[in-house]
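Right, one structure below, let's go through it.
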Amino acid sequence: MGGGEEKKPESSSSSPSSSSSSYFSHFWSSALRAKPLCPHSEISVRTNSGDGLVRRLGMLDLVLIGVGASIGAGIFVVTGTVARDAGPGVTISFILAGLSCVLNALCYAELASRFPAVVGGAYLYTYSAFNELTAFLVFAQLMLDYHIGAASIARSLASYVVTILELFPILKDNIPDWIGHGGQQLFGGAISINILAPILLVLLTIILCRGVGESSVVNSFMTTLKVIIVIIVVSVGAFEVDLSNWSPFAPNGFKAILTGATVVFFSYVGFDAVANSAEESKRPQRDLPIGIMGSLLICITLYIGVCLVLTGMVPYYLLGEEAPLAEAFTSRGLKYVSILISVGAVAGLTTTLLVGLYVQSRLYLGLGRDGLLPSIFAKVHPKNHTPVHSQVWVGIVAGTLAGLFNVHVLSHILSVGTLTGYSVVSACVVTLRWKDKTASQVSSSTSREGVICLLTVACSGFVAGLVYRVNVSFILLVLATVVGVLATAALHFRQVYTDPPGFSCPGVPIVPAVCIFFNMFLFAQLHYEAWIRFVVLSIISIGVYALYGQFHADPSSEETVIYHRAPVEETL
């Protein structure tokens, strides 16, 4: 009795400490768990609502999704703005950036081929290769890029639509700013009202909610239209080329060309949208790699054609900044081509926005299934087979941002999620090659050493980018590169890799390591506010995970999706 009374104060005093210890223990055990990738030969997808997505997308649809996501109005603008510094060498800038994206696409293609055909993309790959918390952080960084990007594209699309409407004399100069041109500034510019952008987002959201078949038809039509317009522009412009304008080819040296490559790299992003279409692909193991690589190669070809024509028609130092391609044709008396370019810009922005909204909803669907977000995001409409709740939520967020704020001013904090996602996907290719082995073949210490090498490659790429950005010392740039090379050599010689089923990324681990190095090199070129955004969002994401995700997520729960490898027959 007395002994029991003596123990009461002791247990009460130790309760907060043990409770705190228990909480952090649960947090780390949850954060470090990974989604199992079962070696079974069947696909089993079970959702909370009992309804799944429908496989309606063929190989051509996937290619058009990739092209639609990548080529927007940027092909008519970015080419000219970079050419003002790089000269005709902007063509080399696009080739270098394209080659870098090809390496990233090879990593995406392998994972898209070997993973089960379900939604998730980079988030799903990270969940299986690393852990739950890292996957959630990748999702958060990607999602902020998508949300701000969608709102920004919607505003640009509204502006182009108004420009086309003003071709009619009755409407010229009679459309107020608050409808679509820029926006009506309120409260000293803190609020910028734009009505047309949210309306366009509502229309596209309705199309996406109707079903993947309907949205694929719209995307295919608009993407085909803009590709045809680009081909016409290049074909007509080829007859106006003056070869003397290509000399000097690199007026500001190779550094300007390399700097241009870091800028135009983002003109190619979007092929990852194909990976997020896995669950709606008819033959995912075969078609996803083709869709990823095919769309990227088409984009590279179109960009090179536009660069050669643009710099051949007008001396690079006379190119405009707002609409260089349209101005180039106008200066040659080809006004009708300028109108075609405006139509192409509308088609390009429409498909980029459509695919962006589509990808966002599928990512929310994946996290809803896994319990990292509320289960309402996992519900699929029983008739249309689309994640209506996720799609509407995405439309509401983008519509609010586009209708009330001038999101163009936030463009300098974009691309963080893209570069982070690409780097992690490249790392996933390497680590999953280890995880295919039995525990006796790959020890935890060997695996830990490999992860350290991957982090070293990433850090050396970032340091090299910083040195290049501030132009401190060429020796430091070489030193950082050498460290990255040594870490890659350690990955190559001290690890053993297996060949995955389906499409195989060549040159593992060298190709993924090069991707990580260059992606982090580009990360260092971003505005310092983008780095702040990365840190702040990561902290917020960890907080959300600590308060909600760790208690609701369960990668092996019967109520969430059970992932299995896709059938071998589908890879044939």
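Between the T420 side chain and the V416 main chain, a donor and an acceptor come within less than 3.5 Å of each other. Between the side chain of R362 and the backbone N or O of P387, no donor-acceptor pair lies under 3.5 Å. Side chain of E110 to main chain of L106: no donor-acceptor pair is present (N/O by atom type, distance under 3.5 Å, no hydrogens or angles). At least one donor-acceptor pair under 3.5 Å links the side chain of Y268 to the backbone N or O of F94. Under a 3.5 Å cut-off, the side chain of T311 and the backbone N or O of P88 do not form any donor-acceptor pair. Although no hydrogens or angles enter the test, the distance criterion places no donor-acceptor pair under 3.5 Å between the side chain of E280 and the main chain of L57. Judged by distance alone, the side chain of T351 and the main-chain N or O of G348 form a donor-acceptor pair under 3.5 Å. For the pair S100 (side chain) and L96 (backbone), a donor-acceptor distance under 3.5 Å is absent. The backbone N or O of P500 lies less than 3.5 Å from no partner atom in the side chain of S504, so there is not a single donor-acceptor pair. Distance alone, capped at 3.5 Å, places no donor-acceptor pair between the S295 side chain and the G66 backbone.
Between Y497 and L491, the closest heavy-atom pair is OH-O, 2.7 Å. The two residues N519 and F265 have their closest heavy-atom pair at OD1-CZ, 3.8 Å. In terms of heavy-atom proximity, L142 sits nearest to G417 at CD2-O, 3.3 Å. Residues P289 and P284 come closest through the heavy atom pair CD-O, 3.8 Å. Summarising the geometry of W531 relative to A524, their closest heavy-atom pair is CZ2-O, 3.2 Å, with the distance given to 0.1 Å. Heavy-atom minimum distance, P512 versus S426: CB-O, 3.4 Å.
W393 CH2: 12 or fewer foreign heavy atoms inside a 6.0 Å radius. At most 12 heavy atoms of other shown residues, nucleotides or ligands fall within 6.0 angstrom of atom CZ in F24.
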Original post:
Can S29 and Q550 be said to form a side chain to side chain donor-acceptor pair (under 3.5 Å), step by step?
Top reply: CA-CA 9 Å; S29 63; Q550 66 164 321; over 6 Å; no
Original post:
Please walk me through it: do L137 and Y545 pass side chain to side chain contact (heavy atoms under 4.5 Å, CB included)?
Top reply: CA-CA 9 Å; L137 292 174; Y545 177 80; over 6 Å; no
Subject >> Derivation and outcome, side chain to side chain contact (heavy atoms under 4.5 Å, CB included), residues L310 and V90 >> reply: CA-CA 10 Å; L310 180 63; V90 66; over 6 Å; no
Subject >> Working for side chain to side chain contact (heavy atoms under 4.5 Å, CB included), residues D499 and R433 >> reply: CA-CA 7 Å; D499 292 326; R433 294 281 189 103; 4.3 Å; yes
**OP:** Step by step, work out the side chain to side chain contact (heavy atoms under 4.5 Å, CB included) result for F266 and L419.
**Re:** CA-CA 9 Å; F266 304 106; L419 290 173; 3.9 Å; yes
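Rounding to the nearest 0.5 angstrom, the gap separating the CZ atom in F254 from the OG1 atom in T259 is 9.5 Å. A distance of 8.5 Å separates OG1 in T488 from CG in L454, rounded to the nearest 0.5 Å. Between the CG atom in L353 and the CG atom in N219 there is a gap of 11.0 Å [rounded to 0.5 Å]. Atom CG of L526 is separated from atom OG of S415 by 6.0 Å, given to the nearest 0.5 angstrom. The OG atom of S460 sits 9.5 Å away from the CG atom of L486 when rounded to the nearest 0.5 Å. A distance of 8.0 Å separates OG1 of T91 from CH2 of W246, quoted to the nearest 0.5 Å.
Just one residue in the list F523, Y108, F518 forms a side chain to side chain contact (heavy atoms under 4.5 Å, CB included) with Y422, and that residue is Y108. Considering L367, I542, D370 in turn, L367 is the only one that fulfils the side chain to side chain contact (heavy atoms under 4.5 Å, CB included) rule with F136.
Put simply, the side chain of F139 does not reach to within 4.5 Å of the side chain of T126, judged on heavy atoms. Taking the side chain as every heavy atom from C-beta outward, Q495 and V430 never approach each other to under 4.5 Å. Here the side chains of S113 and L288 are not in contact, with every heavy-atom distance at 4.5 Å or above. L372 is listed as a side-chain neighbour of E132, based on a closest heavy-atom distance under 4.5 Å. You'll find the side chain of K255 reaches within 4.5 Å of the side chain of N471, heavy atoms only. Between V511 and V429 there is no side-chain heavy-atom pair separated by less than 4.5 Å. Under the 4.5 Å side-chain criterion, counting only non-hydrogen atoms from C-beta, H527 is not in contact with I413. With a 4.5 Å cut-off on side-chain heavy atoms, L62 and M59 do not count as touching.
Y468 and Q525 share no donor-acceptor pair across their side chains, judged by distance under 3.5 Å alone.
Not less than 6.0 angstrom separates the ring centroid of Y125 from the ring centroid of F130.
For E449 and R494, the salt-bridge test passes: some basic side-chain N is under 4.0 Å from an acidic carboxylate O.
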Quiz: residues 79-87 side-chain donor-acceptor pairs under 3.5 angstrom, not counting sequence neighbours:
| from | atom 1 | to | atom 2 | distance (Å) |
| --- | --- | --- | --- | --- |
| T79 | OG1 | I75 | O | 3.1 |
| T81 | OG1 | V78 | O | 3.0 |
| R84 | NH1 | L319 | O | 2.2 |

